[in-house]
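Worksheet: one structure, shown below.
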Amino acid sequence: MARVYNSRKRVLVTGGAGFLGSHLCDRLIKDGHEVLCADNFFTGDKSNITHLMKHDRFELIRHDVTFPLFVEVDEIYNLACPASPVHYQHDPIQTTKTSVHGAINMLGLAKRLGVKILQASTSEVYGDPSVHPQTEDYWGHVNPIGPRSCYDEGKRCAETLFFDYHRQLGLSIKVARIFNTYGPRMHPADGRVVSNFIVQALSGQPLTLYGAGTQTRSFCYVDDLIDGLVRLMNSPEDVTGPINLGNPVEFSMAELASLVIELTGSTSEVTHVPLPADDPRQRNPDIRLAREILGWEPAVPLDDGLKRTIDDFKGRT
Ligand code: NAD
Ligand code: UDP
C-alpha cells in the first residue's frame, strides 16, 4: 500500500497541545512532515508535546484562534476548542467564539494560502438524537439555548462556515464528526467520563455515575481516531464530509463503570449523582461512509484501549 503522504508538508494543527491534537502532531511528525502547533493552552498542556519540542520539524506557537493567524503552511487541521463539558461550559461565550471566530480565522488563512482545511466537528451536532445510530444526513436534535449549546451550536455554525467557504469560494474542506474518543494524555481533571472513572477507580473513590447510567456512548481509541483524521485529510478532493469517525460499539455508562472497576482491580463502588441538563441519552455512529470512502474502521476494542489508558494514568500519578 502507498504511504499516506508522498512528500513532506508543513502542517498547522490548532489545538495541537490538547489530547487529540498532541497525538495528531505525533502522527504527522512520524509521517515525516513539519508541524506547526498553535494553542492558547486553555485546556491543553505543554507536557503533552514536551517530547516534540526538540524535534527539528516541530514548532509551537502560543496563539488564540479567535484572533487571525499569519503563517505559511500546506494544510490545516482545526482542532482548537475545549471538548469536555466541564471546560466548554466554564466560559461558554469564549467557547462559541473559539468555534465560530476560530473557524472564520482558520478558513481565512486557508483561503489566502489556497490550502486544504480539516474541521474537528463532533457528534454533538446531532444533539440528543432521535435517529439511532446517527447517520451523516441526520440534521440533529439540538437545544439552541441550553448549557451545552455553546459547544453544539458553535460546532454546527463552524460546519456551516466550512460548507459556505467551499460552495462560495471553492475552498477544499474536510469535516470530521468525531464521536467520544479516549486514550493516554486525557487530562485527569477534564471531567469526561473515561478520565473521571479511571481517576476515581485508581484512587479508591466512588465512581460518579450520572443519572441511572442507562445513557449510552460509543468510545473510540485515540490511535484509531487519528488514523481516520489523516485518511480524511488525504482523501480525494471531492470528499468533503461530513463524515462520522467513531467506534460503533455502544456501551451504557453503567457498563463502562463496571469495566473500569474490573480492569483497575479497584474496590471503588458506584455512586449515582444527578444527570446534567440535556445529556444525550444515546450515541452511536453509523460509520458506513468512513468504511466505504476512507477504508477506515476502529481496530482497538474498549477493554484493550482502557488498559492502555489506565496504564498511562498510573504512570502520571
Ligand atoms: P482538548 O481540550 O484536550 O484540546 C483542545 C485544545 O484546543 C487544547 O489544547 C486547548 O488549549 C486548545 N484551545 C482551546 N481554545 C483555543 C483557542 N481559542 N485558541 C487556541 N487553542 C485553543 O480536547 P480534545 O479532546 O483534544 O478535542 C480536540 C478537538 O476535537 C476539539 O475541537 C473537539 O471539539 C473535537 N472533538 C473531540 C472529541 C473527543 O472525544 N475527544 C469528540 C468530538 C470532537
Ligand atoms: N458521565 C458520568 N459520570 C461522569 C462523567 C460523565 O456518568 O463522571 C456520563 C455523562 O452524563 C454522559 C456520558 O457519561 O452521559 C459521557 O460524558 P462525557 O462528559 O464524557 O461526554 P459527552 O457527554 O460529551 O458525550
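We count ligands from 1, going down the list as the structure has it; atoms in each ligand are counted the same way. The structure displayed is predicted, hence computed values, not measured ones.
With a 4.0 Å cut-off on non-hydrogen atoms, Lys97 does not touch ligand 1 at all. Of the heavy atoms in Thr208, both backbone and side-chain atoms come closer than 4.0 Å to ligand 2. Contacts between Ser84 and ligand 1, counted as non-hydrogen atom pairs separated by less than 4.0 Å, are absent for every part of the residue. Heavy atoms from both the backbone and the side chain of Arg192 come within less than 4.0 Å of ligand 2. In Phe19, the parts holding a heavy atom less than 4.0 Å from any atom of ligand 1 are both the side chain and the backbone. Here Tyr151 has side-chain heavy atoms under 4.0 Å from ligand 1, and that is the only part of it that gets that close. If you look at Asn180 next to ligand 1, the close heavy atoms, those under 4.0 Å, all belong to the backbone.
When hydrogens are left out, the protein atom nearest atom 10 (C) of ligand 2 is Asp279 OD2, 3.3 Å; that is the closest non-hydrogen contact. Scanning all protein heavy atoms for the shortest distance to atom 26 (O) of ligand 1 gives Leu20 N, 2.8 Å. For atom 18 (P) of ligand 2, the nearest non-hydrogen atom of the protein is Val193 N, 3.9 Å. In terms of protein heavy-atom proximity, atom 1 (N) of ligand 2 is nearest to Tyr210 CD1, 3.3 Å. Ranking protein heavy atoms by distance to atom 31 (C) of ligand 1, first place goes to Leu79 O, 3.2 Å. Looking only at protein heavy atoms, the nearest one to atom 43 (C) of ligand 1 is Ile178 O, 3.1 Å. Looking only at heavy atoms of the protein, atom 13 (C) of ligand 2 is closest to Met253 SD, 3.7 Å. At the shortest separation from atom 39 (C) of ligand 1 among protein heavy atoms lies Arg192 NH1, 3.4 Å. With hydrogens left out, the protein atom closest to atom 18 (N) of ligand 1 is Asp64 OD1, 2.9 Å, a heavy atom.
The same ILVMFWY cluster, assembled from side-chain heavy atoms under 4.5 Å apart, contains both Val194 and Leu259. Under the 4.5 Å side-chain contact rule for hydrophobic residues, Met186 and Leu207 share a cluster. In the hydrophobic cluster analysis, where Ile, Leu, Val, Met, Phe, Trp and Tyr join through side-chain heavy atoms closer than 4.5 angstrom, Leu225 is grouped apart from Phe179. Placement of Val125 and Val142 in two distinct hydrophobic clusters is found when ILVMFWY residues are connected by side-chain heavy-atom separations under 4.5 Å, directly or transitively.
In the hydrophobic clustering, Val65 connects to Leu12, Leu36, Ile61, Leu69, Val71, Val73, Ile76, Val100, Ile104, Met106, Leu107, Leu109, Leu113, Val115, Ile117, Leu161, Phe162, Phe163, Tyr165, Leu169, Leu171, Ile173, Val175, either directly or through intervening members, whenever side-chain heavy atoms lie under 4.5 Å apart.
For ligand 2, the atoms closer than 4.0 angstrom to any heavy atom of Arg148 are 22 (P), 23 (O), 24 (O). Remark: ligand 2 atoms within the under-4.0 Å shell around heavy atoms of Pro85 are 19 (O), 24 (O). Which parts of ligand 2 touch Glu124 is read off a 4.0 Å heavy-atom cut-off, strictly below it: atoms 22 (P), 24 (O), 25 (O). Of all the atoms in ligand 2, the ones that sit under 4.0 Å from a non-hydrogen atom of Arg283 are 22 (P), 25 (O). Close contacts of ligand 2 with Asn196, meaning ligand atoms under 4.0 Å from a residue heavy atom, involve 4 (C), 5 (C), 8 (O). Proximity to Asn180 (heavy-atom distance under 4.0 Å) selects the following atoms of ligand 2: 21 (O), 22 (P), 25 (O). Atoms of ligand 2 lying under 4.0 Å from at least one heavy atom of Gly191, given by number and element, are 5 (C).
Around atom 5 (C) of ligand 1, the closest heavy atom drawn from Gly16, Cys81, Ala17, Ala80 belongs to Cys81.
Under a 4.0 angstrom heavy-atom cut-off, Ser121 registers as being in contact with ligand 1. By the 4.0 Å heavy-atom criterion, Glu124 is excluded from the residues contacting ligand 1. Using a 4.0 Å heavy-atom cutoff, Tyr88 is absent from the residues neighbouring ligand 1. At a 4.0 Å cut-off, at least one heavy atom of His63 sits close enough to ligand 1 to count as contact.
With respect to Arg167 and Asp164, a salt bridge is recorded, a charged nitrogen being found less than 4.0 Å from a carboxylate O.
For the pair Tyr182 and Leu306, the minimum side-chain heavy-atom distance is below 4.5 Å.
Using a 30° and 60° split on the angle between ring planes, Tyr138 and Tyr126 fall in the parallel class, below 30°.
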